[in-house]
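Let me begin by presenting the structure, written as structure tokens, before commenting on it.
Each ligand, and each atom within it, is numbered from 1 in the order the structure gives.
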Amino acid sequence: MMIDTHCHLDVSDYENVEEIISHMEGNYMIASGCNLETNKRVIELINKYDNIFGTIGVHPTEIGEDIEENLKFIKDNITNPKIVGIGEIGLDYHYDDTDKELQKKYFIEQIKIAKEFNKTLVIHSRDAVCDTYDILDKYIESNKVTLHCYGYDKGWASKFKKFNMKFGIGGVLTFKNAKKLVEVVNTINLEDMLLETDSPYLTPEPFRGKPNEPYNIIYVAKKIAEIKNVSTEKVLEITTKNAIEHFDLDI
Ligand code: NI
């Protein structure tokens, strides 16, 4: 069994999303919301498909005028038993016009919701490692935390391990220039990892350039197996167990 712990299954991204989902029969997905529209879509998906769970949240680059309405939607739906986390939330300082203070404010606000309802956090963090670490250090007590699509180095990975942390490993690992991530995978244990695709983005080799889909986590698992010198079955077995525990999945 495989679990894609982070994917986006928005209708507009795929010609036939039903078919994409059917490829995962017997496996599970966690669909992630980023804004009001996609959070609503996540609720539709978890109501429709037994093998889809969801997380809802406001992505740092999606903080807009509807932020209060969005936070209300999150609070209204967070107790749905198939909503297994808050995300994706976090910090993204990649673009020059970033309002860092605004991002930090709503990152912290959503961490507080996660704490209130004891939900796992799914964090997007790009070019913002110090602030991400400092905020987790200050605000997180016992919540489980995922750094989705982990992109920092192995030194930071060992620092982040002090939190109740799993690292989301995706298609980037299969890219030719993935040296830093290969080092991370070499350093951390299989018990620290979750498989994810971030579909429709970050398609692994050999399909790079085409839209990604949840089934492609098998290629990530194979690459991890190669690096760790274990069988792909072993990688799937341990990462599946990690995902079930980390998100309290009722499987
Ligand atoms: Ni994502």
Side-chain angles (χ1 to χ4, degrees), residues 2-14 17 20-21 24 28-46 52-64 70 73-74 82-95 98 103 106-107 110-111 114 119-129 132 136 144-152 160 165-175 178 181 184 193-204 207-208 210-217 219-220 239 242-243 246-247 249:
M2 315 190 286
I3 304 179
D4 181 358
T5 60
H6 188 105
C7 56
H8 304 277
L9 298 169
D10 310 324
V11 186
S12 57
D13 292 325
Y14 293 107
V17 75
I20 296 286
I21 291 168
M24 284 293 273
Y28 290 85
M29 292 153 272
I30 300 177
S32 189
C34 293
N35 53 34
L36 193 54
E37 192 190 333
T38 52
N39 286 332
K40 286 178 180 168
R41 169 75 179 151
V42 165
I43 302 296
E44 277 170 32
L45 285 164
I46 62 174
I52 302 184
F53 296 92
T55 68
I56 46 179
V58 186
H59 188 285
T61 63
E62 296 285 333
I63 299 164
N70 211 329
F73 183 85
I74 293 167
K82 287 187 82 188
I83 290 296
V84 296
I86 298 238
E88 51 184 289
I89 64 173
L91 303 172
D92 191 327
Y93 296 170
H94 188 67
Y95 301 101
T98 300
Q103 288 195 9
Y106 286 107
F107 183 29
Q110 293 180 91
I111 288 174
K119 292 286 176 179
T120 301
L121 290 150
V122 177
I123 295 174
H124 168 105
S125 176
R126 179 155 71 150
D127 298 343
V129 69
T132 303
L136 291 180
K144 296 176 196 152
V145 187
T146 313
L147 275 174
H148 124 73
C149 193
Y150 184 73
Y152 300 123
F160 277 115
M165 175 70 72
K166 297 265 185 268
F167 300 92
I169 309 291
V172 171
L173 186 66
T174 68
F175 298 173
L181 190 56
V184 169
M193 297 179 201
L194 297 171
L195 299 183
E196 62 163 71
T197 58
D198 207 16
S199 301
Y201 317 109
L202 301 174
T203 311
F207 300 117
R208 201 171 173 188
K210 295 187 185 144
N212 203 1
E213 65 167 86
Y215 189 77
N216 287 341
I217 48 165
Y219 298 99
V220 179
T239 54
N242 294 345
H246 200 62
F247 292 99
L249 302 181

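- The minimum distance between the Ni ion (ligand 1) and any N, O or S atom of Asp198 involves atom OD1.
- None of the N, O or S atoms belonging to Cys34 lies under 2.8 Å away from the Ni ion (ligand 1).
- Among residues two or more places apart in sequence or in another chain, the ring-ring contact (aromatic ring centres under 6.0 Å, His included) test is passed with His59 by His124.
- Judged by distance alone, with hydrogens and angles left aside, the side-chain atoms of Asn39 form no donor-acceptor pair with the main-chain N or O of Ile56 at under 3.5 Å.
- Under the ring-ring contact (aromatic ring centres under 6.0 Å, His included) criterion, Tyr219 pairs with Phe207, sequence neighbours left out.
- Put simply, the angle at the Ni ion (ligand 1) from NE2 in His6 to OE2 in Glu88 is close to 90°, to the nearest 10°.
- The N, O or S atom of His8 with the smallest distance to the Ni ion (ligand 1) is NE2.
- Looking only at side-chain heavy atoms (C-beta outward), Leu136 and Phe160 come within less than 4.5 Å of each other.
- Backbone or side-chain N, O or S atoms of Cys7 do not reach the Ni ion (ligand 1) at under 2.8 Å.
- A side-chain donor-acceptor contact under 3.5 Å links Lys82 to the backbone of Ile46.
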